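Because the structure is predicted, anything quoted here is derived from the model rather than measured. To find a chain, count down the sequence lines: A is the first, B the second, and so on, and within it residues start at 1.
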Amino acid sequence: MCPMADPLVTVAELLAPAFAAVGGSGAEPVVRPSDRADAQANGALAIAKRLGQNPREVAETVLAAARPALLGVCSSVDIAGPGFLNLTFTNEFLAGQLTVAAADEHLGVRPARRVEHVVIDYSHPNVAKEMHVGHLRTTVIGDSLVRMLEFLGHRVTKENHIGDWGTPFGMLIEHMLDLGETTAASELSVGDLAGFYQGARAKFDADDVFKDRARQRVVELQRGDPETLRLWRILVAESTRYFNEVYHKLGVLLTDDDLAPESMYNPMLPVVVERLREAGLVQESDGAQVVFPPGYTNRDGEPLPLIVQNSVGGYNYATTDLACVVDRVERLNVDRMVYVVGAPQAQHLAMVFAVAEMAGWLAPPREAVHVAFGNVLGADRKMLKSRSGESLKLGELLDEAVERAGAAIAEKNPDLSGPERAAVARAIGIGAVKYADLSTDRIKDYVFDWDRMLAFDGNTAPYLQYAHARLCSIFRRAGIDRRGIAAGGSPFVVCEVQERNLALRLLAFDTAVWDTVDRYSPHRLCTYLFDLAQDFTAFYEYCPVLKADDDATRQSRLALCGITVRVLEKGLDLLGIIAPERM
RNA sequence: GCCUCUGUAGCUCAGCUGGAUAGAGCAUCGGACUUCUAAUCCGACGGUCGCAGGUUCGAAUCCUGCCGGGGGCGCCA
């Protein structure tokens, strides 16, 4: 078993036998952070309630049993209020825990007990359609979850389920023919997907001849006509190239290897329906082939179906989503499927999962999770739009972020120049956009505000990056490699209150990461990192490092800075944010 | 109509699987730079946690009802 760095986890472990002895097998210490001490254990109250005893007396009994285990760990343990155990750690214990964390490649974060194969479904842009701010959330949240799950040791499969199939492709292909293949391709590759799509749409709506051609083309596409497929592949290839440009700007992990296009599932669609039919789940309703998962009703209170084949024999996204489930279970053998998809799809996904369960494709411990998220709003609290009222192109938004960050740097630090300034502008601009998205609870809508996200104070990426840059500066001036600092010995001396607060925060990284992953809520890690940056700057203000009074203090503070910079860097990396060395 | 998410300081948000006196940041006001990056720090001000009940030793947190806002509810994805 690997040693645990987090004092709350460690002390919970130390207290567990005493609580179990007094309260029975279900009794837990319930250790939480506290304002009045370093931690409080609330478990005695639950035991008292269950046993009908006085909670303070229960706390006394538990404490008496636990005392030996806490020797050297806690400098004081008090019973307070109705029966809390207030725990204060010894500085020596904290120093020892810091040594454990510093020696750990994972900075004290416990690896997953059981390694799972997790598939994450995110980003999913549509071919020949613009990527907009709606794609920002799924892409950034998904990317962050991939990084965290991998950090915990899971095997992660990224799936970018791009929309490359469906009736719109008839008009898109015909539009491409009208423009000429090379013109069309160049229009798409420079990223004018909105113009291309709207051009096709306008003709489709206005021109009946064009409409007929488009419909005929859909038939050819579905029939597998080679020439039509060739044209279709041009659309897909040019769009994919454009998506990759946006992904590159964003700095996310997605590559072509992660593409799981809708069309990939086409051959499976009839099979899915057939298998549902064999399982006796399919009914005909108004001419369509449907499954009725229990518990869903429409607005008239009648059972609500999941339509898997429409009345003219076509398949839809429910069929495709079911095919995905089958593919992931039977081909990839995944343990967990994570869908980073907007909140409006909640009912659809719930029904798909329900049908998959009915068919026996999805059964515990295998699980499917909908990681839902809200909208990005403008200052008017409506869906974010460009000035002209069009939907905002993601690529342009990212360019603007880098531009704004560049302007800020030019003003604040004129010494940075050339390529370094450009790189820093990118790290700050993109980091700011990502952090603004990740730092609020994903289920809620948030207001997109340039000034707030790019501010260098407050809960923003630049504030965290600035703390990181100051740390790097210390090591640069000391002429020490910050990565090699903590190796060997136990240099930590926890003394000043700022050192103590920083130490406690650093040691809570484990809990912060696990809380974040357990709830698929990156904003929890953001909150932690902001707290860490604040604790560090307080330390930085009051505790000289390079000019410390004596060498032991200097060594200890350098080592403390060494873990801080690693946690900050790793934490930001888990959010997909780059921390520049200077800014 | 039913389902679902949501309502916390002037503003933007944490806290929600029950714990002690509800926390940050911004803004406002007052302090701190010949100092490891002041892009910072310290302090003050600021809240009947939408409303009303209930559960209990204890509720922002759980339950019920109501009010306000968003979303979803049969052949698009």
Side-chain angles (χ1 to χ4, degrees), chain A residues 30 32 34-36 40 42 45-46 48-49 54-55 80-84 86 124 126 163 165-168 262 285-290 295-312 314-318 320-321 342-348 350-351 372 374-375 377 381-383 408-409 411-413 415 428 436 439-441 443-447 449 451-453 455-460 462-463 465-467 469-478 518-519 523-524 526-527 530-531 534 537-538 540-548 557-558 561 582-583:
Chain A
V30 193
R32 297 284 143 82
S34 174
D35 303 335
R36 322 197 164 198
Q40 60 183 55
N42 303 337
L45 292 146
K49 183 180 265 184
N54 181 316
F84 303 119
N86 282 353
H124 37 249
N126 289 312
W165 202 254
T167 48
E262 270 180 33
S285 175
D286 296 339
Q289 305 300 306
V290 309
Y296 295 91
T297 54
N298 66 15
R299 59 181 91 233
D300 299 321
E302 293 156 358
L304 184 66
L306 188 71
I307 296 170
V308 294
Q309 193 171 14
N310 67 25
S311 50
V312 295
Y315 304 105
N316 60 17
Y317 74 133
T320 309
D321 283 342
Q345 307 267 6
Q347 183 177 264
H348 164 72
M351 290 176 77
N375 296 315
L377 306 179
R381 291 224 150 244
K382 297 194 171 150
M383 296 274 276
I409 295 164
E411 187 188 326
K412 310 254 174 164
N413 190 354
D415 293 345
I428 293 177
S439 61
T440 54
D441 191 357
I443 198 65
K444 297 181 182 173
D445 298 344
Y446 77 93
V447 177
D449 182 335
D451 291 336
R452 205 166 59 242
M453 73 177 74
F456 291 88
D457 38 23
N459 187 10
T460 65
Y463 178 80
Q465 289 167 321
Y466 180 58
R470 287 171 123 186
L471 278 158
C472 290
S473 172
I474 291 174
F475 287 101
R476 197 163 46 240
R477 282 179 177 269
D518 282 345
R519 302 173 202 216
H523 81 281
R524 290 185 168 255
C526 294
T527 301
F530 178 53
D531 290 340
Q534 288 196 119
T537 35
Y540 181 90
E541 293 285 332
Y542 287 96
C543 303
V545 178
L546 301 178
K547 293 171 188 167
R557 288 181 181 168
L558 266 174
C561 288
R582 301 201 294 172
M583 60 186 278

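One can find a donor-acceptor pair under 3.5 Å joining the base of G74(B) and the side-chain atoms of Ser285(A). Side-chain atoms of Lys382(A) and base atoms of G70(B) include no donor and acceptor less than 3.5 Å apart.
As judged by a 4.0 angstrom heavy-atom cut-off over every strand, Asn316(A) is placed among residues touching the sugar-phosphate backbone only. Looking at heavy-atom distances under 4.0 Å, Ser311(A) makes contact with a base. Contact annotation for Gln40(A): base contact, defined as any heavy-atom pair under 4.0 Å involving a base atom. Looking at heavy-atom distances under 4.0 Å, Ala455(A) makes no contact with the nucleic acid at all. No engagement by His348(A) is indicated, since no non-hydrogen atom pair under 4.0 Å with the nucleic acid exists. Among the atoms of the strands shown, none is found under 4.0 Å from any heavy atom of Arg557(A). In this structure, Val30(A) reaches neither bases nor backbone, as no heavy-atom distance under 4.0 Å exists between it and the strands shown. If you check every strand for non-hydrogen atoms under 4.0 Å, Asp518(A) touches nothing. Contact annotation for Leu306(A): no contact, since no heavy-atom pair falls under 4.0 Å across all strands. Nucleic acid contact for Pro305(A): base, since at least one base atom lies under 4.0 Å from a heavy atom of the residue. Residue-level contact check: Thr167(A) touches neither bases nor backbone, having no heavy atom under 4.0 Å from any strand. Within 4.0 Å of Phe84(A), counting heavy atoms only, lies at least one base atom of the nucleic acid. Residue Glu262(A) is in sugar-phosphate contact alone, with no base atom involved, counting any heavy-atom pair closer than 4.0 Å across all strands shown.
Under a 3.5 Å cut-off, the side chain of Asn413(A) and the backbone N or O of Met583(A) do form a donor-acceptor pair. Side-chain atoms of Asp445(A) never come within 3.5 Å of backbone atoms of Leu377(A) as a donor-acceptor pair (strictly under, hydrogens ignored). Between the side chain of Asn316(A) and the main chain of Ala318(A), a donor-acceptor pair closer than 3.5 Å is present. Remark: the backbone N or O of Arg452(A) is paired with a side-chain donor or acceptor of Asp449(A) at under 3.5 angstrom. With Thr460(A) contributing its side chain and Phe456(A) its backbone, the two residues share no donor-acceptor pair below 3.5 Å.
The shortest non-hydrogen separation linking Pro544(A) to Tyr542(A) is CD-O, 3.4 Å. The shortest heavy-atom contact between Pro55(A) and Ala48(A) is CA-CB, 3.4 Å. Minimum heavy-atom separation, Gly163(A) to Glu262(A): CA-OE2, 3.6 Å.
For the pair Pro82(A)/Phe84(A), a side-chain contact is recorded, criterion being any heavy-atom separation below 4.5 Å from C-beta on.
C13(B) and G72(B) are spaced 26 Å apart, taking the C1' atom of each and rounding to whole Å. G53(B) and G46(B): their C1' atoms are spaced 30 Å apart (whole Å).
Of the two residues near RNA chain B, Arg32(A) and Ala288(A), the one whose nearest nucleotide lies more 5' is Arg32(A). Positionally, the nearest nucleotide of RNA chain B for Arg381(A) lies more toward the 5' end than for the other of Arg381(A) and Asn42(A).
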Between the protein and nucleotides 31-37 of chain B, list the N/O to N/O atom pairs that are separated by less than 3.5 angstrom.
unit_1, atom_1, unit_2, atom_2, d
C36(B), O3', Arg477(A), NE, 2.8
C36(B), O2, Leu546(A), N, 3.1
C36(B), N3, Val545(A), N, 3.0
C36(B), N4, Tyr540(A), O, 2.4
C36(B), N4, Cys543(A), O, 3.0
U37(B), OP1, Ser473(A), OG, 2.1
U37(B), OP2, Ser473(A), OG, 3.0
U37(B), OP2, Arg477(A), NE, 2.9
U37(B), OP2, Arg477(A), NH2, 3.3
U37(B), O2', Tyr466(A), OH, 2.1
U37(B), O2', Arg470(A), NE, 3.0
U37(B), N3, Met583(A), O, 3.2
U37(B), O4, Met583(A), N, 3.2

Listed pairs, N/O of protein and of nucleotides 3-8 of chain B, under 3.5 Å:
unit_1, atom_1, unit_2, atom_2, d
G7(B), OP1, Lys444(A), NZ, 3.2

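At whole-Å resolution of the value, NE2 in His523(A) and P in U12(B) are 17 Å apart. Put simply, NZ on Lys49(A) is 11 Å from C1' on C62(B), counting in whole angstrom units.
Distances shorter than 4.0 Å separate none of the side-chain N or O atoms of Arg452(A) from OP1 or OP2 on C13(B).
Using cut-offs of 30° and 60° for the angle between ring planes, the His348(A) and Tyr317(A) rings count as parallel.
Side-chain contact of Ser439(A) with Tyr446(A): a donor-acceptor pair under 3.5 Å is absent, judged by distance alone.
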